[in-house]
Every structure is written in structure tokens, then in C-alpha cells.
Amino acid sequence: MTSNNYNSSLFESISNDIVDKGYSIQPYALPENLAMLLMQHITELSKEKFKRAGIGRAKEHAINDFVRMDEISWITSNSEANSAWIKWAASLQIFLNRRLFLGLFSFESHFSHYTKGDFYKKHKDAFKGEENRVLSVVVYLNESWSHSDGGELIIYDNQLLASSVTDNKIVTVMPSFGTIVVFLSEEFPHEVLPAKRDRYSIAGWFRLNNSSVNKIDPPS
Ligand code: OGA
Ligand code: MN
């Protein structure tokens, strides 16, 4: 699969940021036709398709209101929008593997829906030696988001995690339509502040192939 020119300069910029800082914020950068398709699709997804989010992959749905309150729906290629998204992620994966030799092997992603008051407390998407999520990608599907709508993503500095005195925020991101956030999964704790209106995002993870580590890697 090849990425078109538009994506090439975007992917180039993401790639450079990952090398320089370990994360990349790209405001309004998702190709507009893709963002529109996804937004239409997510608003049509029935309420039943969203499930209360559990903490931890492959665990029993340990629903934990203290940590996260959003609802999620895993993405498979069962619609034009989802297929276009998966294709876009695959082209990013190919680009990053060529450029950074990351060895990204697979991709998993879900829609998230935060209703008024929902949040996701500070967490990491992967822990060294435990999971094989390497790179996190989040995109936002909310039109005309403003500061008073809350729901910002805050990314923290991993180094200072232990400190309770210093403010170790690196960056605050508004969940505005088409904004893309990419970061190294093991390096950056992050949180979602309470949203004051419906907030839609996609969270995805590029993973390494675990088979070479200690076991054949089924999608558990
Ligand atoms: C996640 C996550 C961030 C967001 O689902 O793990 O951190 O802004 N989402 O929706
Ligand atoms: Mn996360």
C-alpha cells in the first residue's frame, strides 16, 4: 500500500516528532474525507454497539468508574468508514516502519464515546515488559469544540511521574475535529479531563509481534 502525497508530509512530520520528542500533535490533520466518514459513522453507531470500557486488555470487563467512564466500540472492517480508517492506519504503520524501523506488526483501535461528565484518569497504555503496545494514536471527531467543553487530553512527562509537587504536564490537547495525537505508549502517562458534552475519539495502538518474545501471539 502506498500513501498519497498528502499523507506523506503528514507522516513525515509525525515521524520527525516521534524521533525528537516521542509524541506528535497534529491539529486538524486527518484527511477531511476520512474524518467526515468516521464522524458520520460514529453518530450512526447504535447505543448498543458501545460497551462500557474495561481496564486492561484481555481481562474480564473490569469496569471501574474511578478510572474511566467512556464507552467503547472496537473497530473492524465492517463499514466503508472503518475500512478507510484501517487502511489509513496501515499506511502510517508502513511509513513509520520504513523510516524508524519500529517493527510495528499489528493495529487495534476502538471508538470512544464520553458523555457529559465522563473522564479517563491518568494512565499509561503500556508498561515495559508487560504489553506489546508500542505506539498510541488518537484522533478526534468533534466539530466546533471550545475550551468551555472541557474533555482535553493531557500528556504528562514520564520522568516526573513519581513527583506529586511538580506539575509535569507536557501538553494539553483540545479534542477538535481531525486532530491527531501519536505517542510512544510506554513513555507518556495521559488523561482525559471531564467532558462537558458528548466527546468522540478513536484510540488505536500499533503493536509488536509477541510471538518472537515468548509465545505465539493470538489476538487475545
Ligand atoms: C485511551 C485514551 C484518549 C482520548 O483510550 O487509552 O487515552 O483523548 N484516550 O480519548
Ligand atoms: Mn490511553
Side-chain angles (χ1 to χ4, degrees), residues 14 18 22-30 35 38-39 41-43 45 49-59 61-76 82 85-86 89 106-128 130-143 145-147 149-158 161 168-207:
I14 292 173
I18 296 297
Y23 69 92
S24 181
I25 316 292
Q26 301 286 338
Y28 312 105
L30 196 66
L38 288 166
M39 193 182 65
H41 183 69
I42 208 170
T43 48
L45 270 184
K49 292 262 164 62
F50 278 102
K51 298 237 166 22
R52 284 301 311 279
I55 310 295
R57 187 168 170 276
K59 301 233 166 70
H61 265 265
I63 291 167
N64 187 341
D65 283 354
F66 183 69
V67 178
R68 73 185 295 186
M69 298 185 68
D70 60 317
E71 294 182 321
I72 64 166
S73 173
W74 287 97
I75 298 177
T76 55
N82 288 3
W85 162 249
I86 288 167
S106 66
F107 182 70
E108 58 187 356
S109 62
H110 62 59
F111 292 110
S112 296
H113 178 205
Y114 295 72
T115 50
K116 196 169 190 242
D118 288 353
F119 54 79
Y120 193 165
K121 288 256 162 87
K122 194 195 272 192
H123 66 281
K124 282 206 277 183
D125 289 343
F127 294 92
K128 284 199 170 62
E130 274 185 27
E131 286 213 43
N132 49 7
R133 285 174 171 179
V134 177
L135 199 68
S136 303
V137 52
V138 186
V139 304
Y140 298 105
L141 302 169
N142 309 294
E143 276 181 319
W145 196 268
S146 70
H147 283 288
D149 294 323
E152 294 94 342
L153 172 74
I154 301 184
I155 297 179
Y156 294 93
D157 184 340
N158 201 17
L161 187 59
N168 58 349
K169 280 179 202 172
I170 299 177
V171 65
T172 299
V173 186
M174 295 235 298
S176 301
F177 188 73
T179 294
I180 303 168
V181 178
V182 183
F183 56 92
L184 294 170
S185 304
E186 292 178 349
E187 300 299 326
F188 297 97
H190 53 282
E191 78 172 311
V192 178
L193 297 182
K196 294 182 181 149
R197 65 163 165 109
D198 286 308
R199 175 194 193 271
Y200 293 98
S201 58
I202 296 175
W205 299 274
F206 294 102
R207 303 170 63 208

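In listed order, ligands and their atoms are each counted from 1.
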Q) For ligand 1, which atoms sit closer than 4.0 Å to a heavy atom of Asp125? A) 6 (O)
Q | Within-shell test, Trp205 vs ligand 1, heavy atom, strictly < 4.0 Å | A | yes
Q.
Please verify the inter-ring angle class for Phe206 with Phe107; under 30° counts as parallel, over 60° as perpendicular, anything in between as tilted.
A. tilted
Q) Sub-3.5 Å donor-acceptor pair from the side chain of Trp205 to the main-chain atoms of Ser106, do we have one? A) no
Q: To the nearest 0.5 angstrom, please state how far the CG atom of Asp70 sits from the OG atom of Ser201.
A: 7.0 Å
Q: With heavy atoms only and a cut-off of under 4.0 Å, state how Lys122 meets ligand 1: side chain, backbone, both or neither.
A: neither
Q: Indicate yes or no for a side-chain donor-acceptor contact from Ser185 to the backbone of Val134 under 3.5 Å, with no hydrogens or angles considered.
A: yes
Q.
Less than 4.5 Å apart, side chain to side chain, heavy atoms only: is that true for His123 and His190?
A. yes
Q | contact_flag His123 ligand 1 heavy-atom lt 4.0 Å | A | yes
Q. What atoms of ligand 1 come closer than 4.0 angstrom to any heavy atom of Ser201?
A. 10 (O)
Q. Listed by chain and number, what are the side chain to side chain contact (heavy atoms under 4.5 Å, CB included) partners of Glu187, not counting sequence neighbours?
A. Lys128, Asn158, Leu184
Q: Look at the rings of His113 and Tyr200 and say which category their plane angle falls in: under 30° parallel, 30 to 60° tilted, over 60° perpendicular.
A: parallel
Q: Please indicate whether Lys116 has more than 12 foreign heavy atoms, meaning atoms of other residues, nucleotides or ligands, lying under 6.0 Å from its NZ.
A: no
Q | Which residues share a side chain to side chain contact (heavy atoms under 4.5 Å, CB included) with Asn82, sequence neighbours left out | A | His41, Ile75, Asn78, Ser79, Phe111
Q | Every N, O or S from the protein that is nearer than 2.8 Å to the Mn ion (ligand 2) | A | His123 NE2, Asp125 OD1, His190 NE2
Q) Is there a nitrogen or oxygen of Arg199 sitting under 3.5 Å from a nitrogen or oxygen of ligand 1? A) yes
Sequence neighbours excluded and cut-off under 3.5 Å, please list the side-chain donor-acceptor pairs for residues 170-180, or say none.
from	atom 1	to	atom 2	distance (Å)
Thr179	OG1	Tyr28	N	3.2
Thr179	OG1	Ser176	O	3.2

Q. Among all protein non-hydrogen atoms, which one is nearest to atom 3 (C) of ligand 1, and what is the separation to 0.1 Å?
A. Val192 CG2, 3.6 Å
Q) Does Trp74 reach the side chain of Glu108, with side-chain heavy atoms less than 4.5 Å apart? A) yes
Q) Does Val173 approach ligand 1 within less than 4.0 angstrom via side chain, backbone, both or neither, non-hydrogen atoms only? A) neither
**Q.** Per atom 1 (C) of ligand 1, closest listed option by heavy atom (Tyr114, Tyr120, Phe111, Tyr140)
**A.** Tyr120
Q: Using a strict cut-off of 4.0 Å, indicate which atoms of ligand 1 neighbour a heavy atom of Ala203.
A: 5 (O)
